[in-house]
Visitor: 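Dropping a structure here in structure tokens format, bear with me for questions.
Every number for a ligand or one of its atoms is a count from 1 in the order of the listing. All residue numbers refer to positions in the sequence shown, counting from 1.
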Amino acid sequence: MKPSKALSGRIILPGDKSISHRAVMAGSLAKGITTVRGILDCDDCNYTIQAFKAMGVRIAKEGDSTTIEGNGLRSLSAPDKDIGLGSSGTSMRLLAGILAGQDFKATLTADKYLSVRPMKRVIEPLSMMGVDIKGAAGGYPPLRIKGGSVKPIHYKMPISSAQVKSAILFAGLYADGITMVEEASKTRDHTERMLKYFGARIDVDGTKISLKGNTELSARSFEIPGDISSASFFMAGAILLKGSKIRIEKVGVNPTRAGILDILARMGARVKVANKSDLFEPVGDIEVESGGILRGVSIDEDMVPAVIDELPILFVLASLAKGRTVIKGAGELKVKETDRIKSMVGNLSLMGAAIREEKDVIVIDGVDVLKGSGSLKSYGDHRTCMAMAIAALTAEGESRIDDIECVSKSFPGFFAVLEGLK
Ligand code: S3P
């Protein structure tokens, strides 16, 4: 990659990955025909679609529109073979919750990236709910689940994870009584919003979520907002490349997810959200321009969940900000598609950044300029790859990143959209 001049233009990005997964899941469990526009066409979401097809749900795609013929909470049928989920952690953890309520045996398998990611975090609460669920030694994929009867629990989350919370809530749909989840810090609430929209009896009181089981869901039709995690890479590019001005339309700006907007404002970046609307997920147009002085910030542990997937690109921004950025409680980054602390510290150090980690605290001292490097690596991780691509555009000299195909996990068109903005 060569250094780039300003970015400019208006774009609409593909649908939000988290919301797309949940739309397929809720539509498959609801009664009636759900029509969704803008389901993200990426590896991860396609694994979720394939999984429901393998369990008898009719899902058809025509252009931008996906039709899901749901037949109710307990209508799935036993798959005739193991369900492969590639590297999609969201598919595996949320499906575990859904399979808890199905009266058949199923096995969820993983590729080499997902096989080393922790599943004990869902095995434990689902076992407490009476589900027969087993992982490989140590609590890793594959997961073998025999569902059918689910007990409600009150579960205090030991970690902040929207995937774990969602697995318990999906399982709670099948429990006789009220399932309650209490979060350590509030994580993305896409599952709560989606289930409520589909008619589930769900109440949220601060960090406590209660769901009354055994209520059928009803089909709905809606459009998925653009993915703010994908947007954040272009936002960073526009902030860092002088003379840039871009507008990203119809992006999901759910506050439990859009922490990047608050952090960028605190850093002094020129970012605005216009044309806000809200069906069951807030949506807006994000306008970003370069200029002003970018300053380092401090980010506390309770703010991390709202920015968890944007931390790699935030490391790039902080590397080029004035002063020090300190991010506390970033340990969950070590169990993403790769250890994102290691991948980002390694790559950015090669470019001359001053970034280090000590006991889950990241400390970044801004430098004036990053230097191009011929040895950057994606580590098979889409977000490391896209963050480093943006870093490379801002650098002095050329860079090379290996193994860039991994962007198809969440954003197959990333490099094409980036070219279009140059
Ligand atoms: C996700 C939750 C987060 C996030 C992931 C998607 C979701 O994971 O990192 O990309 O859709 O619920 P954790 O729940 O493991 O933090």
Visitor: Is there a polar contact, in the sense of an N or O pair closer than 3.5 Å, between Arg117 and ligand 1?
Guide: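 No, since none of the N or O atoms of Arg117 sits under 3.5 Å from an N or O of ligand 1.
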Visitor: Between the side chains of Arg340 and Asp381, is the shortest nitrogen-to-carboxylate-oxygen separation below 4.0 Å, so that they form an ion pair?
Guide: yes
Visitor: Looking only at protein heavy atoms, identify the closest one to atom 4 (C) of ligand 1 and say how far it is in Å.
Guide: Asp309 OD2, 3.3 Å
Visitor: Can you report which non-hydrogen protein atom sits closest to atom 14 (O) of ligand 1, along with the distance?
Guide: Ser161 OG, 2.7 Å
Visitor: Report yes if some N/O of Lys17 lies less than 3.5 Å from some N/O of ligand 1; otherwise report no.
Guide: no
Visitor: Check for me whether the distance between the ring centres of Phe234 and Phe414 falls short of 6.0 Å.
Guide: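 Yes, close enough.
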Visitor: If the contact criterion is a heavy-atom separation under 4.0 Å, does Lys336 count as touching ligand 1?
Guide: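 Lys336 counts as a contact of ligand 1 under the 4.0 Å cut-off.
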Visitor: Using salt bridge (Lys or Arg N to Asp or Glu O under 4.0 Å), reason through Lys334 and Asp339 one step at a time and then give a plain yes or no.
Guide: CA-CA 4 Å; Lys334 294 181 179 165; Asp339 176 342; 5.9 Å; no
Visitor: With heavy atoms only and a cut-off of under 4.0 Å, state how Arg188 meets ligand 1: side chain, backbone, both or neither.
Guide: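 It is the side chain that gets close, since no backbone atom is under 4.0 Å.
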Visitor: Within the distance-only criterion (no hydrogens, no angle test), does the side chain of Asp44 pair as donor or acceptor with the backbone N or O of Ser410 below 3.5 angstrom?
Guide: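 Such a contact is absent between Asp44 side chain and Ser410 backbone.
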Visitor: Have a look at ligand 1 and work out which part of Arg22, if any, has a heavy atom under 4.0 Å from it: side chain, backbone, both or neither.
Guide: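 Side chain only.
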Visitor: Any N or O on Gln163 sitting closer than 3.5 Å to an N or O of ligand 1?
Guide: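 Between Gln163 and ligand 1 (N or O atoms, distance only) the closest approach is under 3.5 Å.
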Visitor: Which label fits Tyr197 and Phe222: parallel for a plane angle under 30°, tilted from 30 to 60°, or perpendicular past 60°?
Guide: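 Tyr197 vs Phe222 ring planes: perpendicular.
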Visitor: Any nitrogen or oxygen of Ile308, side chain or backbone, less than 3.5 Å from one on ligand 1?
Guide: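 So ligand 1 has no N or O lying under 3.5 Å from an N or O of Ile308.
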Visitor: Verify, without hydrogens or angle tests, whether Thr325 (side chain) and Val297 (backbone) share a donor-acceptor contact under 3.5 angstrom.
Guide: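 Present.
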Visitor: For Leu13 versus Ser230, what's the shortest heavy-atom pair and its separation?
Guide: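 Result for this residue pair: CD1-C, 4.0 Å.
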